[in-house]
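What you are looking at is a predicted structure, and each value in this text was computed from that prediction instead of being measured.
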Amino acid sequence: MRYELVIFDNDGVLVDSEPLANTVLSGYLTELGHPTTYEESLRDYMGSAVHRVHDLVEERTGQKLPEDFDSTLSARTFAAFQQELVAVDGAEEVLGKLVADGVDYCVASSGSHERIRVGHRRTGIDQWFEEEWIFSSEDVGRGKPAPDLFLHAAERMGVAPERCVVIEDSPLGVEAARAAGMDVYGFTSMVPADRLVGVTGHFSDMAQLPQLLA
């Protein structure tokens with residue numbers, strides 16, 4: 001394999017959480033008086049840290065979200081995860097192939113450490129990750145689309161950025177990977193390929209990924 005480290009986004013790439021999370025988020029924002037459809041939530045917030053929600057709402061309306069917004073959103077999202085969350089089809093097979101081939105990998109997610117772990121435990125993905133292979137936007141000052149999170153993950157894993165490849169499914173994540181100087185493959189399960197601008201390549205089925213990375 002031509003890469004020394006594979007960096008996975010989490011939501012939508014390893015765990016099929018984007019439909020659940022964006023249903024919860026759009027509903028909660030609407031409840032608070034900021035009407036948001038599911039499609040608008042995907043467009044504006046998919047792949048981002050929660051601070052982007054605060055920033056965009058204040059920018060558009062001049063209003064701040066409630067102080068307990070983050071904790072309430074997390075509680076509602078985790079409740080949905082516990083009922084319905086599943087792993088992305090084929091994700092575990094890809095991880096198993098990387099282990100068999102001796103290729104290092106990690107996860108770098110806009111979600112909180114708690115959110116990552118809740119999703120991994122619920123789906124069984126946790127068996128594939130050591131604690132030191134999990135990175136969150138909480139670890140850096142700026143989340144995606146800034147490159148900070150991917151650069152932090154590469155540094156902690158001891159691999160130069162140019163020897164890393166990122167697996168992403170959101171425009172914000174692709175932008176962050178490119179800003180970090182990394183190759184990036186776009187997973188098009190939810191976002192059309194033409195919205196993942198600048199990817200090294202794209203794929204619609206996890207079974208296709210090992211061949212792309214070879």
Side-chain angles (χ1 to χ4, degrees), residues 7-81 84-86 88 107-120 135-150 166-180 184 186-199 202:
I7 304 176
F8 289 94
D9 176 44
N10 189 57
D11 295 296
V13 171
L14 296 176
V15 297
D16 193 18
S17 51
E18 292 291 7
L20 296 174
N22 283 280
T23 296
V24 171
L25 176 57
S26 59
Y28 187 27
L29 286 173
T30 299
E31 178 184 317
L32 292 172
H34 306 290
T36 306
T37 66
Y38 170 74
E39 291 75 18
E40 289 169 340
S41 183
L42 287 176
R43 181 196 67 200
D44 293 342
Y45 305 120
M46 182 176 170
S48 69
V50 70
H51 67 75
R52 179 177 171 86
V53 183
H54 289 267
D55 293 345
L56 282 186
V57 168
E58 185 171 5
E59 177 184 315
R60 291 168 174 174
T61 69
Q63 301 175 19
K64 291 184 179 294
L65 291 169
E67 289 187 4
D68 64 349
F69 179 84
D70 292 9
S71 59
T72 300
L73 179 64
S74 291
R76 294 184 181 188
T77 302
F78 295 166
F81 283 5
E84 302 180 57
L85 187 63
V86 297
V88 168
V107 61
S109 172
S110 292
S112 66
H113 276 286
E114 183 182 13
R115 173 171 168 152
I116 297 167
R117 285 162 174 78
V118 166
H120 283 196
F135 304 100
S136 161
S137 61
E138 292 179 324
D139 302 330
V140 295
R142 299 179 300 168
K144 305 170 189 177
D148 304 37
L149 177 56
F150 290 137
V166 176
I167 312 305
E168 265 288 353
D169 69 333
S170 74
L172 292 175
V174 169
E175 184 179 344
R178 284 175 51 80
V184 53
F187 184 38
T188 60
S189 62
M190 291 192 63
V191 175
D194 60 6
R195 285 196 59 209
L196 301 178
V197 178
V199 293
H202 52 76

According to the interplanar angle, ranging from 0 to 90°, do the rings of F69 and Y28 count as parallel (below 30°), tilted (30 to 60°) or perpendicular (above 60°)?
parallel
Report the distance from atom CG of L85 to atom CG of D16, rounding to the nearest 0.5 Å.
7.5 Å
Distance in Å, S48 OG paired with D55 CG, rounded so as to fall on 0.5 Å steps:
9.5 Å
Whether the side chain of E18 engages the backbone of L42 through a donor-acceptor N/O pair (distance < 3.5 Å, no angle test) should be reported.
no
For the student: nearest non-hydrogen atoms of P147 and A180, plus distance:
CB-N, 3.6 Å
For the student: nearest non-hydrogen atoms of L172 and K144, plus distance
O-CB, 4.0 Å
Hey, does R195 have a side-chain heavy atom less than 4.5 Å from the side chain of V174?
no
Looking at side-chain heavy atoms only, is the closest gap between V197 and E175 below 4.5 Å?
no
Mind checking the CZ-CG spacing from R142 to L149? Nearest 0.5 Å is all I need.
11.5 Å
Can you name the residues that form a salt bridge (charged side-chain N to carboxylate O under 4.0 Å, His left out) with R76, not counting sequence neighbours?
E31
Would you confirm whether T36, through its side chain, and H34, through its main-chain N or O, come within 3.5 Å as a donor-acceptor pair?
yes
Taking the side chain as everything from C-beta on, heavy atoms only, tell me whether P66 gets closer than 4.5 Å to L32.
yes
Heavy-atom check, side chain of E40 versus side chain of R43, under 4.5 Å
yes
Just by distance, do the side chain of S110 and the backbone of G47 share a donor-acceptor pair under 3.5 Å?
yes
Please report the shortest heavy-atom distance between R115 and S112, naming the atom on each side.
N-OG, 3.0 Å
Nearest atoms (heavy-atom pairs only) where F150 meets G173
CE1-O, 3.6 Å
V166 versus D9: any side-chain heavy-atom pair under 4.5 Å?
no
4.5 Å side-chain heavy-atom contact, L14 and V88
no
Under 3.5 Å, side chain of R52 to main-chain N/O of D44, donor-acceptor pair present?
yes
Option passing side-chain contact (heavy atoms from CB on, under 4.5 Å) with E168 (candidates I7, V191, L196, V184)
V184
Atom of D11, atom of S109 and distance for their closest heavy-atom approach
OD2-OG, 3.8 Å
Residue pair S136 / I116, side-chain heavy-atom distance below 4.5 Å
yes
Looking only at heavy atoms, which two atoms of S41 and L25 are closest? And how far apart?
OG-CD2, 3.5 Å
Any side-chain to backbone donor/acceptor pair from S26 onto T23? Under 3.5 Å, distance only.
yes
Rounded to the nearest 0.5 Å, what's the gap from CG on D139 to CG on D148? Could you check?
11.5 Å
Result of checking L20, V13, V15 against S17 for side-chain contact (heavy atoms from CB on, under 4.5 Å):
V15
